[in-house]
Amino acid sequence: MTDGFASVPDDFRSGFACFVGRPNAGKSTLTNALIGSKIAITSSRPQTTRHAIRGILHRPDAQLVVVDTPGLHKPRTLLGSRLNDVVRETWAEVDVIGFCVPADAPVGRGDEFIVNELRSVAGRTPVLGIVTKTDIARPEQIAERLTQLSGLMDFAEVLPCSAVDGFQVDLLSDLLVARLPEGPPLYPDGELTDEPEETLVAELIREAALEGVRDEMPHSIAVVIEEMVPREGRHEKAAPMLNIHASIYVERQSQKGIMIGKGGERLRQVGTDSRRQIEALLGTKVFLDLHVKIAKDWQRDPRQLRKLGF
């Protein structure tokens, strides 16, 4: 075949899977481990993921498109409600669902809430039960979590895995692929995501900005790429460079002070950390210009949510 699509066997499978679960259940880390590349940002902060990010796994026998979704939660803001809508819209359209619970935390009411919603799609879409983060749990914790998970609903499969040390990640890939329909590849060979570069860059800046902030601050951070253009006037022998101008939005003046830090130290650190990741992603040198702006109570304001891309 041409156009970047390699020839594939007749029984080739292709389709979509998504991971759902409470915030901070390890869904983004698992997505990255399956794809073998950093597609979704990760953080110990709940509700890090705000978009349905698609990562593409290419295998000789299949193409699996993994959709990483926000954590389903009881919303306290309009943003929270919209994130939940993203989750429900995603799992209504995929071929297989992975429901994630972390091995190091008991199954709770939040998990039961999600499973009750999943029952509405389980009749037509297979749901796998996945115990994540086995690398930070004791064997008895993992066994207890598997028992608790199996008691929640009748899953198509239940398995423990670890995205960090790779335990059973290949098996999970096999189990997901086995439930995809037969069909040709959906994306050209070698493509790892269909997300625009601006989206991925904004997410990497937000990941760096989340580091070390507490309380409500993580939820108040949004990033907008204002401009992303090649730098003009570089010496012809110099490596190409990209100019990126981005705004980090917070909701209050006090948060702006925290984000900038004493003498601008914190904002410089955010720039350094995110620039390293952006250069690795794009394969080019980057000049990163960051500004912190206030969008008062943007999580609750429909007009500002639209402006910030939600």
Is there a donor-acceptor contact under 3.5 Å from the side chain of [X] to the main chain of [Y]?
X	Y	result
Gln277	Leu204	no
Arg268	Gly261	no
Gln168	Ser162	no
Asn243	Phe287	no
Arg266	Ala209	yes
Ser173	Val169	no
Glu211	Val270	no
Glu191	Ile56	no
Glu251	Gln299	yes
Arg13	Leu180	yes

ask   = Listed by chain and number, what are the side-chain hydrogen bond (donor to acceptor under 3.5 Å, both in side chains) partners of Glu226, not counting sequence neighbours?
value = Ser247

side-chain hydrogen bond (donor to acceptor under 3.5 Å, both in side chains) partners for Asp111, two or more places apart = Arg22

Residue pair [X] / [Y]: nearest heavy atoms and the distance that separates them:
X	Y	value
Phe16	Val67	CD2-CG2, 4.2 Å
Gln148	Val107	OE1-N, 3.2 Å
Thr284	Glu279	O-CG, 3.2 Å
Lys27	Phe19	CD-O, 3.6 Å
Tyr249	Ala295	CD2-CB, 3.8 Å
Ala137	Ala103	CB-CB, 3.6 Å

Supply the atom-to-atom distance [X] [atom1] to [Y] [atom2], rounded to the nearest 0.5 angstrom.
X	Y	atom1	atom2	answer
Glu207	Ile221	CD	CD1	12.0 Å
Asp289	Arg275	CG	CZ	11.5 Å
Gln63	Leu57	CD	CG	8.5 Å
Leu118	Ile97	CG	CD1	5.5 Å
Ile248	Leu290	CD1	CG	5.0 Å
Arg119	Met153	CZ	CE	6.5 Å

ask   = Please walk me through it: do Leu34 and Thr31 pass side chain to side chain contact (heavy atoms under 4.5 Å, CB included)?
value = CA-CA 5 Å; Leu34 269 174; Thr31 297; 6.0 Å; no

From CA spacing to verdict: salt bridge (charged side-chain N to carboxylate O under 4.0 Å, His left out), Arg59, Asp174 = CA-CA 10 Å; Arg59 298 179 16 153; Asp174 291 341; 2.8 Å; yes

Considering only heavy atoms from C-beta outward, does the side chain of [X] approach that of [Y] to under 4.5 Å?
X	Y	value
Leu171	Cys161	no
Pro102	Asn24	no
Val201	Leu282	yes

ILVMFWY network linking Phe167 to Leu172, side-chain heavy atoms under 4.5 angstrom = no

key: Co-membership, hydrophobic cluster, residues Ile130 and Ile136, 4.5 Å side-chain   = no

key: Over 12 foreign heavy atoms within 6.0 Å of CD, Glu140   = yes

query = Hey, is CD on Gln141 packed in by over 12 heavy atoms from elsewhere, all under 6.0 Å?
reply = yes

message = Consider side-chain contact (heavy atoms from CB on, under 4.5 Å). Of Val164, Ile142, Leu159, which one does Thr134 pass it with?
response = Ile142

task = Just say parallel, tilted or perpendicular for the rings of Phe99 and Phe155, cut-offs at 30° and 60°.
result = parallel

ask   = Taking NZ, NE, NH1 and NH2 as the nitrogens, is one of them in Lys307 or Asp301 under 4.0 Å from a carboxylate oxygen of the other?
value = no

inquiry  = Can you tell whether the side chains of Arg109 and Glu112 come within less than 4.0 Å, N to carboxylate O?
reply    = no

Listed once per pair and sorted, the salt bridge (Lys or Arg N to Asp or Glu O under 4.0 Å) pairs that draw on residues 144-166, sequence neighbours left out = Glu157-Arg179

message = Run Val20 and Val127 through side chain to side chain contact (heavy atoms under 4.5 Å, CB included) and show every step you take.
response = CA-CA 10 Å; Val20 299; Val127 181; over 6 Å; no

query = Going through the distances and angles, do Ile205 and Ile225 end up as a side chain to side chain contact (heavy atoms under 4.5 Å, CB included)?
reply = CA-CA 10 Å; Ile205 294 169; Ile225 304 300; 4.0 Å; yes

